[in-house]
Each structure stands twice: as structure tokens, then as C-alpha cells.
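Right, one structure below, let's go through it.
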2 protein chains.
Amino acid sequence: MSEYRTYLDLNGNPIVNTNKIKILETAIDLFSRKGYSGVSIREITREVGIKESSLYNHFASKEELLGVIFLNFRRAIGEILLPPEMLRGALKQMIAEQFLQQGVINFKAHIDDPINARIWRIVTIEQYRDPLARSILVEDIIQRTLSFLESAFALMIEQGAVKPHPPKLLAAEYQYPLFGMITEYNLQKYLDQDTSAIEQSMADHIEFFLSHVRTA
Amino acid sequence: MSEYRTYLDLNGNPIVNTNKIKILETAIDLFSRKGYSGVSIREITREVGIKESSLYNHFASKEELLGVIFLNFRRAIGEILLPPEMLRGALKQMIAEQFLQQGVINFKAHIDDPINARIWRIVTIEQYRDPLARSILVEDIIQRTLSFLESAFALMIEQGAVKPHPPKLLAAEYQYPLFGMITEYNLQKYLDQDTSAIEQSMADHIEFFLSHVRTA
DNA sequence: GTCTATACTATGATAGAC
DNA sequence: GTCTATCATAGTATAGAC
């Protein structure tokens with residue numbers, strides 16, 4: 001259990017009760033391995049060391065438990081990308097290469113947190129069953145990243161750092177390979193396998209991409 | 001229900017019984033929307049119009065039912081790619097562009113079949129819970145496609161059609177974006193949404209990729 | 001906030017008649 | 001091959017004592 005992470009409840013208040021945090025993190029672990037429907041309240045509470053009925057003192061239902069997990073994941077995702085209003089300033093201080101590499105560093109910091117990695121897997125598993133999981137995947141992850149990058153590439157073109165391709169195309173060409181590789185990275189971490197090959201692929205991709213689009 | 005598709009059982013024999021086929025296709029539909037653990041034998045048999053006990057005349061267990069689904073998906077996946085021994089011949093008759101576009105056509109024919117699209121989703125959902133789903137995803141889909149493309153690009157370089165980048169890098173640069181886009185395509189089809197934008201992205205990607213690697 | 005006790009439903013699976 | 005009947009277990013959730 002991660003000792004110092006803070007979770008918020010559905011009202012936006014920090015969760016302080018130790019057992020409530022234990023329930024959350026146990027559920028995150030089990031859901032990420034077996035899926036929401038594959039895990040029972042009994043199994044969660046057995047692992048936490050409390051009775052089933054005690055769980056309902058903290059969460060109104062199994063579904064609310066998942067809702068709280070997703071709420072907190074949305075917060076964590078929000079921290080991966082720079083706020084759009086800081087984009088122009090950041091690009092003045094960094095060359096394109098640095099900017100994109102910093103993006104990968106930010107992302108790695110996010111996904112190398114075991115809790116985040118687990119919830120990322122829950123989102124993948126539940127995307128067809130649960131509209132909330134789906135909206136996190138589509139809106140908070142895919143669309144938000146692509147539109148952020150579209151703005152970034154538009155600015156890089158404006159600065160003359162990148163050849164004048166349509167920014168949307170550049171965003172797609174840059175990011176879609178990373179989405180695919182992240183999926184594989186996350187699966188390999190789950191299996192405790194070596195991730196150096198796929199990490200190298202990510203670095204190779206950025207280099208390949210930049211070698212074809214940068215003006216220098 | 002698709003009337004003319006043939007399924008094989010675990011012994012490799014064709015399944016002829018109508019109800020057994022109905023069970024399979026109902027399970028494929030329900031598993032793809034709710035996940036394996038989210039669907040009960042009762043729900044499947046209710047939809048088929050038989051009693052629970054009758055299902056066990058066709059499948060020894062719920063797990064065997066999923067196993068038969070996956071077995072048949074492996075067969076279907078096998079038909080997407082050209083047999084490796086036909087690669088050299090095909091590349092003599094087609095230019096690189098035609099070859100890659102034919103690949104996308106083959107793949108679209110596969111994934112536009114509703115049954116295949118559903119099982120593709122089941123594989124995604126079950127990849128962390130079920131080793132068989134995982135091996136289909138990793139070995140039959142990802143690794144097989146990448147190593148096929150690696151051979152293809154090596155031949156294209158040999159023919160002078162493509163610039164001499166490492167074939168493995170070319171395969172990754174070409175295919176990973178498509179994996180990401182396919183995931184999105186499959187989700188949009190599931191939601192009955194318009195897929196023209198993501199299809200255009202696939203076409204744009206191939207054009208962008210080729211414009212940077214082809215020698216002509 | 002946690003417990004015991006309990007309600008009630010849903011689950012995967014089987015036995016045996018037809 | 002399908003049915004009725006049944007089983008044992010596991011599922012979510014609640015009431016009320018401490």
C-alpha cells in the first residue's frame with residue numbers, strides 16, 4: 001500500500017480513514033487483474049481484513065467504489081500534460097526535442113506509479129462495459145493528448161522548428177505509436193517482464209519522427 | 001447470427017448443431033460487451049432459448065466455451081497476413097504502396113466482420129485475467145504482424161523501393177500507429193459512431209510514412 | 001467504525017426423466 | 001439433445017448490537 005498518496009471521495013474531500021484507503025487500493029489491485037465483475041466484495045474485504053458489512057460504511061455500493069477509483073485517476077491524469085496556457089512559454093525555452101522528451105518523462109513518471117498503472121489497466125478492461133471508463137479513455141487520455149500536441153506542433157511550425165505539415169497529422173503520427181507502445185509496456189510491467197526493448201522502441205520512434213519533421 | 005460461418009470444436013471437428021452455434025455466437029456477443037465474468041450461463045441460455053443444463057451438453061464448462069471462441073479466433077487471425085513464403089512473390093508483382101494498402105484491405109475485411117470485431121474486444125478485456133487471451137494478443141497479433149512486416153521491409157530495401165532504415169524500426173513505425181488506431185476504430189464501431197475520421201487517419205499515416213521512406 | 005447475523009438473489013454445475 | 005428439479009456456493013446488501 002502506498003503510504004502517502006491522498007485520495008478524494010465523491011464530495012472532493014480527502015479520505016483519511018486507513019481502512020477506507022486499504023479498501024480502495026485492494027480493489028484497484030484486484031480489479032486490475034480480474035476485472036470489476038470478476039472481483040467480489042467478499043474478496044476485497046477478506047484481503048483488507050474487515051467484514052463485508054464494514055465496507056458499506058465507506059462506500060454505498062460496489063459501483064461507487066469503482067467510481068471513486070476513477071475519480072482519483074482523472075486527477076492523476078490531469079497532471080501528465082502541461083496546462084495549455086503554459087505551452088507557449090515552455091516552447092520558448094526548449095527546443096522541440098527537449099519538449100517531446102520531457103513529455104515522455106512526465107508520462108513515464110505517471111505510468112511507473114504502480115497504482116496509476118493498475119487503474120490504466122482497469123480502464124482498458126472496462127471500456128466496453130462502463131461509460132465512465134470509456135470517457136476517461138477517449139476524452140481524458142486520447143482526445144486531450146492529441147489536441148494538446150496539435151497545439152504544440154502548430155506553435156513549433158510557427159517558430160520554424162518543424163516542417164509545415166498539418167499539426168493534426170503531426171500529433172497523430174507522433175502520439176498513436178506511443179499509445180500502442182504504452183499498451184505493450186503496461187502489459188509487460190504487469191507480467192514482470194523486461195521492458196527495455198519497448199522503451200527503446202519509444203525512443204527510436206521519437207528520433208525517427210523528429211529526423212523527418214524538424215527543420216534543423 | 002451469421003448463417004454460413006463454420007466453427008471448429010476443441011478436437012478440430014466442425015460444429016454442426018444449430019443450438020451449439022447459437023450458444024457460441026450469443027456468448028461472443030455478451031462477453032464482448034460485459035466481459036467473461038460479467039456474463040452468466042443463465043443469461044446466455046436465456047437468450048438462446050434453452051435451459052442452463054442443455055448448455056453443458058455442448059460445453060463442459062463456461063471456461064471451455066471461452067476456449068472454443070478463442071480457438072476459432074486464432075484460425076480467423078491466421079488469414080489476415082500472407083503466408084511468409086508468398087511474401088517475395090507478392091512484392092515482385094506490387095509496388096510498396098500497393099502491398100501496404102492491400103494489407104490494410106485484408107485487415108479491414110477481418111475486423112469489419114462483426115464476430116471478429118467482438119472477439120477482438122473480448123481479447124482486449126480478458127488480456128490480464130486470461131493467459132490464452134494474452135497469448136493471442138501478444139503472439140498472434142502483435143509479434144506475428146511485426147515480424148511479418150520486418151521481413152517485408154527487408155525485402156523492399158533489397159529491391160531498392162525503400163530507404164535503408166533498420167527493417168525492425170520501419171515495421172514498428174508503420175504498425176504501432178495502426179494498432180492504436182484500430183483500437184479506436186473498434187471502440188467507435190462498438191458505439192455505432194462514425195469511423196471516417198479514424199479511417200482517414202490510417203490512410204494519412206500510410207501516406208506520411210511512405211513519403212518519408214520510399215526511394216521514388 | 002466494526003462486528004454478528006441474516007436476507008435474498010444469482011451463480012456454475014449435476015442427476016435423471018423423456 | 002432438451003427438459004425439470006435440485007444443489008451448494010457465492011453474490012450484493014441491510015439491520016441492529018457494541
Side-chain angles (χ1 to χ4, degrees), chain A residues 1 6-11 13-31 33-70 122 125-126 129-130 132, chain B residues 1 6-11 13-31 33-70 122 125-126 129-130 132:
Chain A
M1 182 170 146
T6 58
Y7 297 92
L8 303 183
D9 65 20
L10 290 180
N11 299 318
N13 299 319
I15 295 172
V16 289
N17 181 281
T18 313
N19 274 345
K20 187 162 184 176
I21 296 174
K22 265 197 199 171
I23 292 167
L24 268 177
E25 300 203 330
T26 303
I28 289 168
D29 177 47
L30 293 173
F31 289 164
R33 293 191 280 116
K34 308 180 176 192
Y36 175 81
S37 308
V39 177
S40 67
I41 301 285
R42 269 182 173 71
E43 192 176 359
I44 296 168
T45 55
R46 194 193 316 129
E47 191 127 320
V48 172
I50 56 171
K51 296 292 168 188
E52 290 113 272
S53 54
S54 297
L55 182 141
Y56 291 94
N57 226 326
H58 300 293
F59 301 96
S61 65
K62 192 185 171 190
E63 225 189 310
E64 183 181 302
L65 172 53
L66 182 62
V68 173
I69 291 171
F70 282 155
I122 299 174
I125 295 171
E126 303 302 333
R129 194 192 58 81
D130 184 332
L132 182 49
Chain B
M1 182 170 145
T6 59
Y7 297 92
L8 302 184
D9 65 21
L10 289 180
N11 299 318
N13 300 320
I15 295 173
V16 290
N17 181 282
T18 313
N19 274 345
K20 186 162 185 176
I21 296 174
K22 265 196 201 171
I23 292 168
L24 267 177
E25 301 203 331
T26 303
I28 289 168
D29 177 47
L30 293 173
F31 289 164
R33 293 191 278 116
K34 309 179 176 192
Y36 175 81
S37 308
V39 177
S40 66
I41 301 284
R42 273 183 169 73
E43 192 176 0
I44 295 168
T45 54
R46 194 192 317 128
E47 190 126 320
V48 172
I50 56 170
K51 296 293 168 188
E52 291 111 271
S53 53
S54 297
L55 183 140
Y56 290 94
N57 227 326
H58 300 292
F59 301 96
S61 65
K62 192 185 170 189
E63 225 189 310
E64 183 181 304
L65 172 53
L66 182 63
V68 173
I69 291 171
F70 283 155
I122 298 174
I125 296 171
E126 304 302 333
R129 194 192 58 82
D130 185 332
L132 182 49

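Every chain is numbered from 1 and lettered A, B, ... according to where its sequence line falls, protein lines coming before strand lines. Since the structure is predicted, the reported quantities are computational estimates derived from the model, not experimental observations.
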Kindly determine whether Ile125(B) and Phe31(B) satisfy side-chain contact (heavy atoms from CB on, under 4.5 Å), including the steps that lead there. CA-CA 9 Å; Ile125(B) 296 171; Phe31(B) 289 164; over 6 Å; no
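- Here the nucleotide nearest the side chain of Arg42(A), chosen from dG11(D), dC3(D), dA13(D), is dG11(D).
- In this structure a side-chain-to-backbone donor-acceptor pair under 3.5 Å is present from Asp130(B) to Leu132(B).
- Leu30(A) has its CG atom 12 Å from the P atom of dG11(D), to the nearest Å.
- Between Ser54(B) and dC3(D) there is a side-chain N or O to OP1 or OP2 distance below 4.0 Å.
- Atom pair Glu52(B):CD and dC7(D):P shows a separation of 15 Å (rounding to whole Å applied).
- Following rounding to the nearest Å, Glu64(A) (CD) and dT12(D) (C1') show an atom-to-atom distance of 14 Å.
- Rounded to a whole Å, the CG atom of Leu55(A) is 10 Å from the P atom of dT12(D).
- For the pair Lys20(B) (side chain) and His58(B) (backbone), a donor-acceptor distance under 3.5 Å is present.
- Atom CZ in Arg46(A) sits about 11 Å away from atom P in dT12(D), given to the nearest Å.
- The Ser53(B) side chain lies nearest to dT14(C) when the options are dT14(C), dT12(D), dT11(C).
- The side chain of His58(A) approaches dG1(C) more closely than any other nucleotide in the set dT4(D), dG12(C), dG1(C).
- Within the 4.0 angstrom heavy-atom criterion, no nucleotide atom of any strand lies near Val48(A).
- Ser40(B) comes within 4.0 angstrom of sugar-phosphate atoms only, judged by non-hydrogen atoms across all strands, and of no base.
- Identified under the salt bridge (Lys or Arg N to Asp or Glu O under 4.0 Å) test for residues 50-64 of chain A, with sequence neighbours left out: Arg42(A)-Glu52(A).
- Using a 4.0 Å cut-off between charged side-chain N and carboxylate O, Glu126(B) and Arg129(B) make a salt bridge.
- In this entry the distance linking NZ of Lys51(A) with C1' of dG16(D) reads 17 Å, nearest Å.
- Using a 4.0 Å cut-off, some side-chain N or O of Asn17(A) falls inside it from OP1 or OP2 of dG1(C).
- Here dG12(C) presents its P atom at 5 Å from CD1 of Ile41(B), a figure rounded to the nearest Å.
- Between the OH atom of Tyr56(B) and the P atom of dT4(D) there is a distance of 17 Å, given to the nearest Å.
- Nucleic acid contact for Lys62(A): sugar-phosphate only, since backbone atoms but no base atoms lie under 4.0 Å from a heavy atom of the residue.
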